[in-house]
Amino acid sequence: MADLPLSAVPGWSPDQVARMGRAWVTTAEQVVAVSATDGGLHSVAEQLGIPDAEAQRLVAAAHAALPSATAREMAQPADTSQYGLGVLKP
(Lines give C-alpha, C1' and ligand atoms only; values in the text may rest on other atoms or scores of the structure.)
Protein backbone atom coordinates (compact mmCIF):
# COMPACT_ATOMS: atom_id res chain seq x y z
CA MET A 1 0.00 0.00 0.00
CA ALA A 2 1.30 3.46 -0.89
CA ASP A 3 1.82 6.11 1.77
CA LEU A 4 -1.17 8.34 2.52
CA PRO A 5 -0.55 11.98 1.54
CA LEU A 6 -1.41 14.50 4.25
CA SER A 7 -3.66 16.26 1.74
CA ALA A 8 -5.94 13.19 1.87
CA VAL A 9 -6.29 13.27 5.68
CA PRO A 10 -9.56 14.83 6.87
CA GLY A 11 -9.02 17.93 8.99
CA TRP A 12 -5.68 18.96 7.48
CA SER A 13 -5.88 22.30 5.64
CA PRO A 14 -3.86 22.99 2.49
CA ASP A 15 -1.78 25.51 4.49
CA GLN A 16 -0.99 22.91 7.17
CA VAL A 17 -0.03 20.36 4.52
CA ALA A 18 2.27 22.94 2.88
CA ARG A 19 3.87 23.89 6.22
CA MET A 20 4.69 20.26 7.00
CA GLY A 21 5.93 19.78 3.45
CA ARG A 22 8.52 22.52 4.02
CA ALA A 23 9.95 20.21 6.72
CA TRP A 24 9.85 17.26 4.29
CA VAL A 25 6.93 15.64 6.14
CA THR A 26 4.34 14.83 3.48
CA THR A 27 2.49 11.69 4.60
CA ALA A 28 0.23 10.60 7.44
CA GLU A 29 2.76 7.88 8.28
CA GLN A 30 5.50 10.47 8.75
CA VAL A 31 3.34 12.69 10.98
CA VAL A 32 2.41 9.76 13.22
CA ALA A 33 6.05 8.60 13.38
CA VAL A 34 7.38 12.09 14.17
CA SER A 35 4.81 12.58 16.91
CA ALA A 36 5.94 9.31 18.54
CA THR A 37 9.43 10.70 19.20
CA ASP A 38 10.46 12.71 22.26
CA GLY A 39 9.23 16.23 21.66
CA GLY A 40 7.77 15.22 18.30
CA LEU A 41 4.24 16.41 18.95
CA HIS A 42 5.57 19.79 20.04
CA SER A 43 7.72 19.91 16.88
CA VAL A 44 4.62 19.32 14.75
CA ALA A 45 2.84 22.13 16.64
CA GLU A 46 5.78 24.49 16.11
CA GLN A 47 6.01 23.67 12.40
CA LEU A 48 2.30 24.41 12.04
CA GLY A 49 2.29 27.44 14.35
CA ILE A 50 -0.52 26.00 16.48
CA PRO A 51 -0.97 24.92 20.12
CA ASP A 52 0.07 21.39 21.09
CA ALA A 53 -3.59 20.43 21.68
CA GLU A 54 -4.49 21.30 18.09
CA ALA A 55 -1.45 19.40 16.81
CA GLN A 56 -2.60 16.38 18.83
CA ARG A 57 -5.99 16.57 17.06
CA LEU A 58 -4.29 16.63 13.65
CA VAL A 59 -1.96 13.76 14.56
CA ALA A 60 -4.99 11.78 15.77
CA ALA A 61 -6.68 12.43 12.41
CA ALA A 62 -3.59 11.15 10.59
CA HIS A 63 -3.47 8.11 12.87
CA ALA A 64 -7.16 7.36 12.26
CA ALA A 65 -6.75 7.62 8.48
CA LEU A 66 -4.15 4.85 8.40
CA PRO A 67 -4.77 1.10 8.38
CA SER A 68 -4.63 -0.06 12.02
CA ALA A 69 -1.46 -2.15 11.61
CA THR A 70 0.38 0.73 9.95
CA ALA A 71 -0.80 3.20 12.58
CA ARG A 72 0.39 0.92 15.39
CA GLU A 73 3.79 0.47 13.78
CA MET A 74 4.30 4.19 13.08
CA ALA A 75 3.22 5.17 16.61
CA GLN A 76 6.15 3.25 18.15
CA PRO A 77 9.47 5.12 18.38
CA ALA A 78 12.16 3.42 16.32
CA ASP A 79 15.06 1.87 18.20
CA THR A 80 18.10 3.68 16.84
CA SER A 81 20.50 2.62 19.61
CA GLN A 82 22.51 0.43 17.25
CA TYR A 83 23.26 3.29 14.83
CA GLY A 84 25.44 5.66 16.84
CA LEU A 85 26.04 9.20 15.63
CA GLY A 86 27.61 8.51 12.25
CA VAL A 87 31.11 9.54 13.23
CA LEU A 88 34.18 7.38 13.49
CA LYS A 89 36.78 7.55 16.23
CA PRO A 90 40.01 9.21 15.02
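Computation of the quantities below employed the complete heavy-atom set of this structure, encompassing side-chain atoms and omitting hydrogens, waters and symmetry-equivalent molecules. Since the model is a prediction, treat every value here as computed from it, not as a measurement.
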Would you say that [X] contacts [Y] through its side chain, given a criterion of any heavy-atom pair below 4.5 Å between the two side chains?
| X | Y | result |
| --- | --- | --- |
| R22 | Q47 | yes |
| V34 | V44 | yes |
| V59 | L41 | yes |
| L48 | L58 | yes |

Heavy-atom closest pair (A62 atom, V31 atom, distance to 0.1 Å) is CB-CG1, 4.3 Å
Atom of A36, atom of M74 and distance for their closest heavy-atom approach
CB-O, 3.9 Å
Using a cut-off of 6.0 Å, state whether more than 12 heavy atoms not belonging to D15 lie near its atom CG.
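Yes, enclosed.
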Should we say atom CD of Q30 is surrounded by more than 12 heavy atoms from elsewhere, each under 6.0 Å from it?
yes
Gap between atom CD of Q56 and atom CG of D52 - 0.5 Å precision
9.0 Å
Using 0.5 Å steps for rounding, measure from the CH2 atom of W12 to the CZ atom of R19.
11.5 Å
Using atom types as modelled and distance alone, determine if a side-chain donor or acceptor of [X] lies under 3.5 Å from a backbone N or O of [Y].
| X | Y | result |
| --- | --- | --- |
| S43 | G39 | yes |
| E29 | L4 | yes |
| Q16 | S13 | yes |
| E54 | A45 | no |

